[in-house]
Each structure stands twice: as C-alpha cells, then as structure tokens.
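What's counted below: heavy atoms across the whole structure, side chains too, no hydrogens, waters or symmetry copies. Proteins come first, then strands; the chains are lettered A, B, ... in the order of their sequence lines, and each starts at number 1.
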Protein chains: 2
Amino acid sequence: MTETAVAGSAVVREAGATKTGSKSEQAYTSIKARIVEGTFSPGYRLVLAKIAEDLGFSVVPVREAIRRLEAEGLVKFERNIGATVSGIDPTEYLYTMQTLSIVEGAATALSAPLVDSAAIARARTINDEMRECLDHFDPVRFTSLNQDFHSVLFENCPNPHILDLVHRGWNRLASLRSSTFRFVPGRARESVREHETLLQLIESNADADTIERAARQHRSATLDAYLAQAPAITT
Amino acid sequence: MTETAVAGSAVVREAGATKTGSKSEQAYTSIKARIVEGTFSPGYRLVLAKIAEDLGFSVVPVREAIRRLEAEGLVKFERNIGATVSGIDPTEYLYTMQTLSIVEGAATALSAPLVDSAAIARARTINDEMRECLDHFDPVRFTSLNQDFHSVLFENCPNPHILDLVHRGWNRLASLRSSTFRFVPGRARESVREHETLLQLIESNADADTIERAARQHRSATLDAYLAQAPAITT
DNA sequence: GACATACTCATCGTATACGATTTCGTACAT
DNA sequence: ATGTACGAAATCGTATACGATGAGTATGTC
C-alpha cells in the first residue's frame, strides 16, 4: 500500500482524477480510488497520520484531500474524532438511487440528440457483452460494462455539471459495496432489456421527455425492486 | 473584515453552516458567506495568507476551507496560482440554471405530498409580498423572498441529497451577481404568477409528473428568456 | 525600439512541532 | 460484580517555518 498511483477504475478516472498534481491532489485521487474500488469499505477509519505515512506524505495534504472527499459525500469527517468512509444504511441507499435516477434521466435526455449511430453501435456491443456476462455469471464485469454503457451515452453530455453529479452518484454507489445493496435478484436481465429499449428510443429521435422518463425508470426500477424486498424503509 | 461570525443570508444558513466548530469550519462558513453575499465577487483573488490574517487564523485551516468550497464549485483553486471565486461566463450560467431546473423540479415533486395547508398559506403570503416588491421595485427583497418561497415548499423534502443540490445551485447562482445575469426583464411578474399556479397544483394534489414539469418550467423559463437575449450561446 | 534573459517578490505547498481532545484501559470503591 | 474515576495513549487541530513555483520587472543585447 505504498505506491501512490492507483490504476483507478473507469468511474474514478471519469470522475476527474488529476494526472500529476500536488501531493494534495495525489492523496485525493489515491484515497478516492481506494474507496471506490473497495479497498476502504464503508465504516473504515481513515487515520490521517496512517494514510500520510502510507503515501509518504505529511498529514496536511491528506487533510485537504479528506475535506474534498467529504464535500463529495464519500467520507464523513468529525471534529476530534476523525474521518470514516461514509456509511451504507438503507435510507442512504434510497436517497442516492433516487437522486441518481433523476440526474441520469436528465443526462440521458440531454445527451440523446448528440448520440450518433457509431455510439449507438458501441453501446449495443457493450450491452450484448452484458447479456453474455449474465450467462457466464460474471457480475463484476457486468457492473463494469453497465457503467461503460451509460458512459457511451453520456460522452457528449452538453452539461458538465449534470455529468459530474452522475459520476458522483456512481462513485457513491460503488463505495457502497455491501452485497446487500448490489444484488437485486432478477433485475440484471431486465436491465439489459431496458438498455435496448433506451437505444431504440434514442435511435428513433424520441422526444426528450420520453427518453428522460425511460432512463429514469431504468434506474428507479432497481430501487423499487430493492424497496419491495425491504418494505420497512419509508420515503 | 475581522469578525469571524458573519450573519449569513438565508441561503447560506440553509446550506449547512456549522455553528461553532473548528477554525477550519469557521473559515469555510465565513468565506462561503462572503462569496454568496457578494463581498467576494467572481474573479476575486483569495490569497490564503491574507484571508488567514483577516480571520486571525493560520493558513492551514483556510486551505481546507478553500478545498471544500472548490469541491462545491464556488471557487477555483489552481496549483501554485491560488484560489479565485468561480467565474460567471454565460455558458456556466446556462449549465447552472439547467441543472437547477432539473433538481428543483424533482425537489418540488418529491416535497409536494408533504406540503400541508399551513405551508401553502405561508408560501402564498410570501408570494403576495413578492408581488408588492414588484410595485415598489425592490429587487433585493424580491430575490430573498423568492428563495424563502421555495424553501417553504422544500422544507419537508424527503431526499436530503436533492435538497443539498438545490442549495448548492442557489449558492452558485447567488455568487454570480453580475447584473447581466440577474436581470431578465419581464420575468419577475410572470414568476409570481407561476408561483401561484404551482401552489394550486400542489393544493389539488396534482400528480408528481405534472408538478415536476411545472416546477422545472418555472426555472427554465428564466433561462430561456436569458438565452433569447443572448442567442450566441450554444447548447 | 523590441525581444530575450535573469532576477526579485509574492504566494503557494508541505513538513514538522506542539497543544487540545477523545478514547480506552485500569484501578478503585461500592 | 458493577460502576465510576482517573490516567495514558492515540489522534486530531493549528501554528510556524521553509522550500518551491510562478508572475512581474529590470537589464542587456541585437
């Protein structure tokens, strides 16, 4: 755990990792990568001095990094107590998914007019691969491809703010890797179907409202499925 | 400019100001307040040492505060260059307004079922005051009341993430106080009308979609009006 | 007179040091 | 045995110090 450069997952890369940068930047990127990829799981105690030592830095840049991660919601930083990777309670999951469904819906609708046929083809290829993953039961790759699929659709998103919110949501979700939250039985196959529907809507230049609704539904269906199996959570 | 406690505007207060807190917290709150209220306008150079001296702190907590503000998009922090209050170019305005219309729309729709008749009454009172402000030409108070109006509608918003995004958008917008962006002729009166329409929709338990659409339209109409007078901007 | 180079100053970036606070373990009293 | 009080260790929060970088200015050459 001494090397500073972590080959981040697609999510982290997209989320604005800065290449070279100051130690503060490096610490930020590095810690974020570890949270998103699961090395630091929720509840993990981020002891400043320890992280600083691991990275070979002093505590000051690490503190700055933690502050930024706090502002993104990935860590919780309490005075005189310390920083911990943000938790995963069901309510939090609900909020995150709900927000994501809204933001992704908007991103899809905004991006749709700029998705050309080449992008559609790429997305379809990815979706086909996802279907194969289901047969071979490769949930890890499935998840990764799922993000690639949406990344293709969003790659020309005209509003960077919204794109940023999407990435933050993805990171937040990726950091919540308790199996409870990641496996919603039966959704995966339906998800692939919905992807195809989405592509057809985009191809046929459906109006923005229709696309937004479909995209939002795509995400919130997972949430609904989750809520159905955990009815105790109140909205 | 030496007192550390700034009586923040409604926006800042809502945005999560922490009462006592560490110096780092105080610096964060204080700088944020100054940006939102306009003491530090866009482009203003935030020299760490100078701010630290003004606040009576050292630079370390100030740096942390700046990092957090950076993550919220209120300041830009460049390595070895320094921090400046984020800019106001037209494109940025467009992105912010567009994002806000989406997020506010969702917040309104989510909150609507929880808005009781008392809240409706309060909102209506505020809206009446806004109408009066138009007659006396008091744009400052008008703006403040406008935020109060929406705050009433959102006060029971079930999803804190979305509420947070709304507040961030408001703060961002408040920090962009160039007159170019704040005055869109003829919108104010229409805005008051739309508020009333919105209240009626909520009162009559209109479905979520309808409310969301109306709320989103309410914000994006301002954007459209702005775009109409500055057609050079491309989406 | 214009351009390139060197120098100076303002400012940032980080390390180190130390005081402040919390937590946890241990001893003691009940 | 349980609960409380005290003390030590761990950790955080901030100040200070100093090296590093970039911007602006002066100087020299063509």
### Task
Could you point out which residue of A:Ile102, A:Thr96, A:Val103 forms a side-chain contact (heavy atoms from CB on, under 4.5 Å) with A:Thr99?
A:Val103
## Note on the structure
The residue among A:Leu74, A:Leu69, A:Val85 that forms side-chain contact (heavy atoms from CB on, under 4.5 Å) with A:Ile31 is A:Leu69
Where do N or O atoms of nucleotides 8-12 of chain D meet protein N or O atoms at under 3.5 Å, pair by pair?
residue: D:dC12; atom: OP1; partner: A:Leu48; partner atom: N; Å: 3.4
residue: D:dC12; atom: OP2; partner: A:Leu48; partner atom: N; Å: 3.4
residue: D:dC12; atom: O3'; partner: A:Asn80; partner atom: N; Å: 3.1

### Query
Under 30°, 30 to 60°, or over 60°: which ring-plane class applies to A:Trp170 and A:Phe154, parallel, tilted or perpendicular?
parallel
### Query
From the list D:dG13, D:dA15, C:dT14, which nucleotide is the closest neighbour of the side chain of A:Ser24?
C:dT14
### Query
What closest approach, in Å, do B:Cys133 and B:Arg141 show between heavy atoms, and which atom pair accounts for it?
SG-CG, 3.6 Å
Take atom [atom1] of [X] and atom [atom2] of [N], then tell me their distance rounded to the nearest Å.
X       : N      : atom1 : atom2 : result
B:Ile51 : C:dT11 : CD1   : P     : 12 Å
B:Glu64 : C:dC12 : CD    : P     : 16 Å
B:Lys76 : C:dC12 : NZ    : P     : 15 Å

### Message
Can you see whether B:Thr84 engages B:Arg45 through a side-chain donor-acceptor pair at a distance of less than 3.5 angstrom?
### Response
no
### Query
Between B:Arg63 and A:Ser24, does any side-chain donor sit less than 3.5 Å from a side-chain acceptor?
no
